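First up is the structure itself, then whatever we jot down about it.
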Amino acid sequence: IQSNFIFSIGSRIDEISAAALINSTILGLYSKTKEIGIMIGTFSSKIISRPWYYIACKIKPRSVKLIYFFGLIFCIIALIALFEFLLAVVSFFISILGPNWTLLSDFNIFIVLIMTMYFFVQFTNSTMLAIGLQRELLVIDRWIIGIKIALYLVMLGIINFNNLEFDIKIFLFLEVFIRAMNLLLQIICLIVKTKLKKPINTTTI
C-alpha cells in the first residue's frame, strides 16, 4: 500500500514541474508520450511479470534469482535486437490514433524506452516480492521518490535562474534516467541480499 501511494505521488512530480515551465499543449504532449509508454509497458508486465510472480513464489529463492537474471539478460538482448522494430510498431500505433497525435512520432524513442524501463522495473518488483524483499523494495521506492523530487527541483532552479530555453526532451531524459536508476538499485539489492525468505501472503500482487 505504501509503495502504491509513493508511486502515485512520484508519477506526477514531473508533470507538476513541467506545468511551471510550459503551456498546456506541450504539457499534454509530454504526458501522452509517457502515458503511451507506460500503457504498453503495463500490458507486457501483466502477461509476464504477474505469472512469473506466482511461479517464483513456489520455487527456491536462489533459483528465483538465477532465473530472473537469465531472463533479464535475455530481455535486454531482445530489446537491442528488436529496437528498430519496436520503434516502427510505436510509429504505426501513433499513426492510427489520428492527425492530432502525429507530433508524438518525434518522441517514439522515448515511448519505447519508458515502455521497456517500466517492464524491467515491474519484472524486478515481482521478483523481489516473491522472495520476501518487500521492505527493501519500499526503501528503494522512497529513495527514488526523494531523488526524483531533488532532480526536478534542481532542474527548475537551473532553468529559471539562468533563463534557459525549455526543451521537452529534458523531462523525457530525466524520466528514463530515473526509471533506469530504480532498476539499478533493485538489481543491486537482489545481488547483495543473501538472507531471503518467502512472502507470507502469495495470493495477491
Side-chain angles (χ1 to χ4, degrees), residues 3-53 71-72 74-126 141 144-145 147-149 151-152 155-156 159 165-186 205:
S3 293
N4 288 336
F5 178 72
I6 291 173
F7 176 79
S8 298
I9 296 176
S11 63
R12 297 302 177 186
I13 290 175
D14 52 343
E15 295 179 19
I16 294 172
S17 301
L21 298 172
I22 57 179
N23 59 49
S24 58
T25 301
I26 302 300
L27 178 59
L29 183 62
Y30 168 78
S31 298
K32 289 302 178 183
T33 300
K34 187 178 75 168
E35 183 181 322
I36 292 176
I38 293 176
M39 179 185 68
I40 302 173
T42 300
F43 176 75
S44 61
S45 177
K46 285 183 178 179
I47 63 175
I48 296 177
S49 298
R50 287 194 177 185
W52 160 241
Y53 169 79
L72 183 65
F74 173 80
C75 289
I76 292 174
I77 294 173
L79 170 64
I80 295 172
L82 299 174
F83 195 77
E84 292 296 330
F85 172 75
L86 291 173
L87 289 176
V89 170
V90 169
S91 296
F92 174 76
F93 177 73
I94 292 173
S95 68
I96 64 176
L97 292 177
N100 293 333
W101 298 74
T102 53
L103 288 175
L104 289 176
S105 298
D106 296 333
F107 308 103
N108 58 356
I109 186 172
F110 290 104
I111 293 176
V112 172
L113 290 175
I114 291 172
M115 172 193 72
T116 53
M117 284 297 104
Y118 183 91
F119 167 74
F120 286 146
V121 169
Q122 293 304 311
F123 180 49
T124 312
N125 279 354
S126 298
D141 289 340
I144 289 299
I145 192 67
I147 292 171
K148 192 170 186 177
I149 292 172
L151 283 176
Y152 279 105
M155 184 191 64
L156 286 174
I159 292 175
E165 183 178 354
F166 171 79
D167 186 349
I168 189 175
K169 291 183 180 179
I170 295 175
F171 280 94
L172 291 170
F173 274 120
L174 275 178
E175 183 68 19
V176 174
F177 173 76
I178 291 169
R179 291 179 185 276
M181 182 179 293
N182 191 358
L183 177 63
L184 179 62
L185 290 176
Q186 291 176 330
I205 179 172

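The model shown is predicted, which means the values in this text are computed figures rather than measured ones.
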Seminar exercise, completed: Here the gap from L104 atom CG to T102 atom OG1, rounded to the nearest 0.5 Å, amounts to 8.0 Å

For this session: Taking all heavy atoms of S45 and all of Q122, pick out the closest pair and write down the distance.
Result: OG-CB, 3.3 Å

For this session: Could you tell me which residues satisfy ring-ring contact (aromatic ring centres under 6.0 Å, His included) with F177, sequence neighbours excluded, listed by chain and number?
Result: none

For this session: Considering non-hydrogen atoms only, spot the tightest contact between K46 and P51 and give its length.
Result: O-CD, 3.3 Å

For this session: Could you go through the side-chain contact (heavy atoms from CB on, under 4.5 Å) check for I145 and D141 one step at a time?
Result: CA-CA 6 Å; I145 192 67; D141 289 340; over 6 Å; no

For this session: Please work out which of the three classes, parallel, tilted or perpendicular, describes the rings of F110 and F107, given edges at 30° and 60°.
Result: tilted

For this session: Evaluate whether atom CZ of F83 has more than 12 neighbouring non-hydrogen atoms of other residues, nucleotides or ligands under 6.0 angstrom away.
Result: yes

Exercise. Rounded to the nearest 0.5 Å, how far does CD of Q186 lie from CD1 of I144?
Worked result: 8.0 Å

Problem set entry | Which residues share a ring-ring contact (aromatic ring centres under 6.0 Å, His included) with F120, sequence neighbours left out | none

Throw together a table of side-chain donor-acceptor distances under 3.5 angstrom for residues 86-95, partners on residues two or more places apart or in other chains.
{"unit_1": "S91", "atom_1": "OG", "unit_2": "L87", "atom_2": "O", "d": "3.0"}
{"unit_1": "S91", "atom_1": "OG", "unit_2": "N108", "atom_2": "ND2", "d": "2.8"}
{"unit_1": "S95", "atom_1": "OG", "unit_2": "F92", "atom_2": "O", "d": "2.5"}

For this session: Quick one: list whatever passes side-chain hydrogen bond (donor to acceptor under 3.5 Å, both in side chains) with T116, sequence neighbours left out.
Result: none

Problem set entry | Residues that T42 engages under side-chain hydrogen bond (donor to acceptor under 3.5 Å, both in side chains), provided they are two or more places apart | Y118

Problem set entry | For S49 against S126, the heavy-atom pair lying closest together | O-OG, 3.5 Å

Exercise. Got a second to check how far L72's CG is from I77's CD1, nearest 0.5 Å?
Worked result: 10.0 Å

Problem set entry | From F119 atom CZ to C75 atom SG, the distance as rounded to the nearest 0.5 Å | 4.5 Å

Exercise. Do K148 and R179 come close enough that some side-chain heavy atom pair is under 4.5 Å?
Worked result: no

For this session: Working to the nearest 0.5 Å, report the span between CD1 of I114 and OG1 of T33.
Result: 7.0 Å

Exercise. Can you tell me how far the CE atom of M117 sits from the CG atom of L79, to the nearest 0.5 Å?
Worked result: 7.0 Å

